[in-house]
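Below: the structure, in structure tokens.
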Amino acid sequence: MELQSLKNIAKQLMAGNKGLLAMDESTSTCNKRFQALDIPQTEEYRRKYRELIVTTPRLEEAISGAILFDETIRQSTADGKLFIETLKEKGIVPGIKVDEGAIDMDGFPDEKITEGLDNLHKRLTEYYALGARFAKWRAVITIGNNTPTSGNIKANAFLLARYAIICQEIGMVPIVEPEVLMDGNHSLKTCAEVTTEVLHTVFNQLYQQRVSFEGMILKPNMIVPGLQSPQQDNADAVADATINCFLRCVPASVPGIAFLSGGQSPELASERLNAMHVRFKDKMPWALTFSYSRAVQQPCLEKWGGRDENIAEAQRLLYERAHINTLAREGKYTA
Ligand code: 13P
């Protein structure tokens with residue numbers, strides 16, 4: 001493993017005021033989003049949509065790295081150029097989602113475990129040869145009456161750590177994504193307690209599996225109240241809870257933290273990231289940015305609606321949302 005080259009990739013991903021674009025929806029997730037908007041759920045429409053994204057003018061001003069999916073990394077624009085080449089020409093680092101999704105965890109009702117470790121070394125070797133320089137694995141933690149259990153958190157953390165060391169051995173920066181879901185009526189405080197436990201467990205496992213913290217990126221949830229909670233705390237409270245938790249749990253040697261949006265509205269996802277930068281300017285040891293899918297893509301996808309005549313306007317909306325988040329990363333976003 002070349003630690004310096006991992007550090008260089010991480011640095012490129014966290015550069016300036018840029019963020020990552022998650023465009024790694026699995027076929028079933030992408031189809032679900034298409035279905036809601038009456039867009040045909042075919043490989044060609046998925047390809048057209050991803051072409052729209054990667055050819056968005058000025059995308060590279062706001063986006064440092066794009067996370068692709070197995071289908072997408074092999075696809076090309078209508079004129080035959082691989083998406084991965086289009087991204088590289090723009091200076092956007094190509095990445096790849098390598099987990100195979102979260103399934104029900106046997107023995108642990110209402111909890112999920114992520115699949116995908118089998119043959120991972122071999123799969124990553126191929127992705128590296130295709131040009132991917134970082135990877136992503138998402139673990140899902142559910143807050144409920146009797147969850148999460150420590151058995152579930154530990155199992156997910158162990159898998160994240162095994163995935164991460166395999167990435168580093170191959171020369172790819174692992175994005176380690178333990179997502180505490182927003183679903184439920186729990187409070188901000190409960191989300192903070194669960195996220196703290198999850199992050200401590202994940203970093204302990206990363207250490208045990210010999211992952212270099214300097215050569216990884218953390219992709220966490222923000223600490224937010226449950227979507228159905230009667231008390232919806234403001235952005236300042238979310239910022240304080242989130243950064244205070246990370247200051248306790250995330251080693252200073254980790255170069256970057258890039259949030260998932262997790263179903264927050266695009267506006268809230270920007271407002272909360274902005275509040276963190278306003279309130280903790282110069283107090284954070286890591287770079288702090290976004291790695292949103294829905295909170296950057298949703299307005300664009302809705303505008304496109306599967307129609308060629310809407311592509312230019314949809315691309316404008318994609319760039320606008322990405323750009324707004326670069327302002328949030330500088331603490332300069334205004335609603
Ligand atoms: P969201 O921003 O829509 O949560 O997606 C981020 C992601 O990559 C989920 O794995």
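Index from 1, following the sequence. Both ligands and their constituent atoms are indexed starting at 1 by order of listing.
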Of R33, K219, R294, the residue with the heavy atom nearest atom 6 (C) of ligand 1 is K219
The salt bridge (charged side-chain N to carboxylate O under 4.0 Å, His left out) partner of E60 among K90, K18, K88 is K90
Q) Is any NZ, NE, NH1 or NH2 atom of the basic residue among R307 and E313 found under 4.0 Å from an Asp or Glu carboxylate oxygen of the other? A) no
| Lys/Arg-Asp/Glu bridge criterion (N-O < 4.0 Å) met for R47, E43 | no
Per-atom filter on ligand 1: closer than 4.0 angstrom to a heavy atom of A22 are 8 (O)
When distances are taken from atom 2 (O) of ligand 1, the protein heavy atom at minimum range is S261 OG, 2.4 Å
Atom 10 (O) of ligand 1 sits nearest the protein heavy atom K136 NZ, 2.5 Å
Atom 9 (C) of ligand 1 has as its nearest protein heavy atom E177 OE2, 3.3 Å
With under 30° as parallel and over 60° as perpendicular, where do the rings of Y45 and W304 fit, or are they tilted in between?
tilted
For L247 and P285 the tightest heavy-atom approach is CD2-CD, 3.8 Å
If you scan protein heavy atoms around atom 5 (O) of ligand 1, the nearest is S293 CB, 3.2 Å
So the atoms of ligand 1 within less than 4.0 Å of a heavy atom of R138 turn out to be 9 (C), 10 (O)
Smallest heavy-atom separation, T326 atom then F290 atom, equals N-CE2, 3.9 Å
Judged by heavy atoms only, the candidate from P266, A295, S26, G262 nearest atom 4 (O) of ligand 1 is G262
| request: Keeping the roles fixed (side chain from Y163, backbone from I175), state whether a donor-acceptor pair exists under 3.5 Å. | output: yes
Near Y292 (heavy-atom distance under 4.0 Å), the atoms of ligand 1 are 2 (O)
